[in-house]
Colleague: 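Dropping a structure here in structure tokens format, bear with me for questions.
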There are 2 protein chains.
Amino acid sequence: MLKATAQGIATRERILDAAFDTLRQDGFANTSARAVARRGGFNQALIFYHYGNLIGLLLAAMDRVGEQRRLRYEEVLGGPGNPIEFASRARLLYAEDVDSGHSTVVAELFAASSGNPELREQMLARMKPWLEFTERLLERFLAGSPFASLVDVRAAAGAVLSLYLGMDLLIHLDGDRSRATAMFDAGERLAATVEPLFGGDPR
Amino acid sequence: MLKATAQGIATRERILDAAFDTLRQDGFANTSARAVARRGGFNQALIFYHYGNLIGLLLAAMDRVGEQRRLRYEEVLGGPGNPIEFASRARLLYAEDVDSGHSTVVAELFAASSGNPELREQMLARMKPWLEFTERLLERFLAGSPFASLVDVRAAAGAVLSLYLGMDLLIHLDGDRSRATAMFDAGERLAATVEPLFGGDPR
DNA sequence: GTCTATACTTGGATAGAC
DNA sequence: GTCTATCCAAGTATAGAC
């Protein structure tokens, strides 16, 4: 939006970076316009000039990496593969999200959305594609397996997203990723166990 | 703490109620001392007199029902039962937590703890018993089943807690519990499927 | 134990100079 | 497009009267 001068664009990027980092490191409750400006070393008024208000900025900060992540997920998980490969790819993607702070930013905004109708609405719209993507993935995977009739994809997709969010909260409580690692280990073991039941590569 | 007059106790209870309700309905970011006092119809200064500071109050509000819940969980899940019974009891307990707002209050404080070291420390201490309880439960259940060697109880307990927290966030995003209901339906179907593999009642 | 009053701080947002 | 200055609202916390 607004005029797209070179300087303007650069500043907008700096603001997004600062917002993302503040949200990640200080949490939603401490992410004020002033805190973001302090971190980024720019003037606080710029936030309102460029993004209208605070949550507009926070959503934009989440969206910028969020869209990249969607493409990455589709690319990595969209191709053929057996359950074992699938499990190890999911672990990789999740590790990227934790390392980049994306999962944290998402979880923070998710939790904060309960107290802000505008934020909630925006978050809901952004989560829908993820839920649908997960459902499509599960459907494709289950097709031709003996679990197809047993698994409710809608429920399973909800469980996957819940796990994603909850794991991030848990990781940050004690700053320990070993529990998350153990969960993915378990996932890979499970995948190896059921693998023989899947007939060839799906898709 | 402090003097325990009848009036003082009653006021402390009112403050706890108001804090719990505010946290539940307005979210952590909107739960100020003034907001709590407005809701409860008492003076804002009473919070500091009785609980020292805001997060002291919020923790106390969570603890009051949290301890009751721990006992209830131990009572309901601690007895013997097969996987099918176990799944339906878990659904009942979770529904109670959602209806009472307990899961919401816990998830709010969980998410907020990333931005507040004192809160984080307190939450960590409170979550440990739950993790241990879940691990004990899983261990007891898996003993004698063919899954004993396959499942890492530490990882599984983390997954259960993550699901618990994440499901609450998801429920509040669209105000729709049907997805959570579908997850428990799926859990019960899964329990019915593996049930024959469990030899008799555990314990 | 409870209330009023208040000191102090932080934050969202805007106006207007540059 | 960016900065300074500023208004105003809201919050934490304390002092002291009752």
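Per chain, numbering begins at 1; letters A, B, ... match sequence-line order.
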Colleague: A:R39 has an atom CZ; how far is it from atom P of C:dG11, in whole Å?
Modeller: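 Nearest whole value for this atom pair: 13 Å.
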
Colleague: Taking the nucleotide of DNA chain C with the nearest heavy atom to each, does A:G52 or A:R38 sit closer to the 5' end?
Modeller: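 Per heavy-atom nearest nucleotide, the more 5' residue is A:R38.
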
Colleague: What is the distance from NE2 of B:H50 to C1' of C:dC3, rounded to the nearest Å?
Modeller: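 It works out to 12 Å between those atoms.
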
Colleague: Write down the distance between OH (B:Y49) and C1' (C:dT4), rounded to a whole number of angstrom.
Modeller: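 For the pair B:Y49 OH and C:dT4 C1', the rounded distance is 17 Å.
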
Colleague: Closest nucleotide of DNA chain C for A:S32 versus for A:N43: which of these residues is on the 5' side?
Modeller: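 Closest to the 5' end, via its nearest nucleotide, is A:S32.
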
Colleague: So what does A:A45 hit on the nucleic acid, given a heavy-atom distance under 4.0 Å: a base, only sugar-phosphate, or nothing?
Modeller: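 Here A:A45 touches the bases of the nucleic acid.
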
Colleague: Using modelled atom types and a 3.5 Å cut-off, is there a donor and acceptor pairing between side-chain atoms of B:E13 and backbone atoms of B:A10?
Modeller: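 Judged by distance alone, no pair lies under 3.5 Å.
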
Colleague: Taking B:R179 for its side chain and A:R154 for its backbone only, find out whether a donor-acceptor pair lies under 3.5 Å.
Modeller: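 Yes; judged by distance alone, with no hydrogens or angles, the pair exists.
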
Colleague: For the pair made of CZ in A:R34 and P in D:dC8, what is the distance, rounded to whole Å?
Modeller: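 Nearest whole value for this atom pair: 15 Å.
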
Colleague: What is the ring orientation for A:Y94 with A:Y164, classed by angle as parallel under 30°, tilted 30 to 60°, or perpendicular over 60°?
Modeller: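 Taking A:Y164 first and then A:Y94, their aromatic rings stand perpendicular (interplane angle over 60°).
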
Colleague: Calculate the interatomic distance between B:R12 atom CZ and C:dG1 atom C1'; express it in whole Å.
Modeller: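 Taking CZ of B:R12 and C1' of C:dG1, I get 12 Å after rounding.
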
Colleague: Name the closest nucleotide to the A:T11 side chain, picking from D:dG1, C:dA13, C:dT2.
Modeller: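 Among the listed nucleotides, the one closest to the side chain of A:T11 is D:dG1.
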
Colleague: Indicate whether OP1 or OP2 belonging to C:dT2 is found under 4.0 Å from a side-chain N or O atom of B:Q7.
Modeller: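 Looking at the OP1 and OP2 atoms of C:dT2, one of them is under 4.0 Å from a side-chain N or O of B:Q7.
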
Colleague: Expressed in angstrom and rounded to an integer, what is the separation of B:L46 atom CG from D:dT14 atom C1'?
Modeller: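 After rounding, the reported distance stands at 14 Å.
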
Colleague: Using a heavy-atom cut-off of 4.0 Å across all strands, would you classify B:L54 as base, sugar-phosphate, or nothing?
Modeller: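 Result for B:L54 = sugar-phosphate.
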
Colleague: Measure the distance from CZ on B:F48 to C1' on C:dT6 and round it to the nearest whole Å.
Modeller: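 These atoms are roughly 14 Å apart.
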
Colleague: Can you check the B:Q44 CD to D:dA15 C1' distance for me, whole Å?
Modeller: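 After rounding, the gap between these two atoms is 13 Å.
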
Colleague: Look at A:D99 together with A:R177 and state whether they make a salt bridge at an N to O cut-off of under 4.0 Å.
Modeller: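 Judged by the 4.0 Å cut-off on N to carboxylate O distance, A:D99 and A:R177 do form a salt bridge.
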
Colleague: Please determine whether salt bridge (charged side-chain N to carboxylate O under 4.0 Å, His left out) holds for the pair B:R91 and B:D185, giving the CA-CA distance in whole Å, both sets of side-chain angles, and the decisive distance to 0.1 Å.
Modeller: CA-CA 9 Å; B:R91 145 178 269 155; B:D185 288 340; 2.7 Å; yes

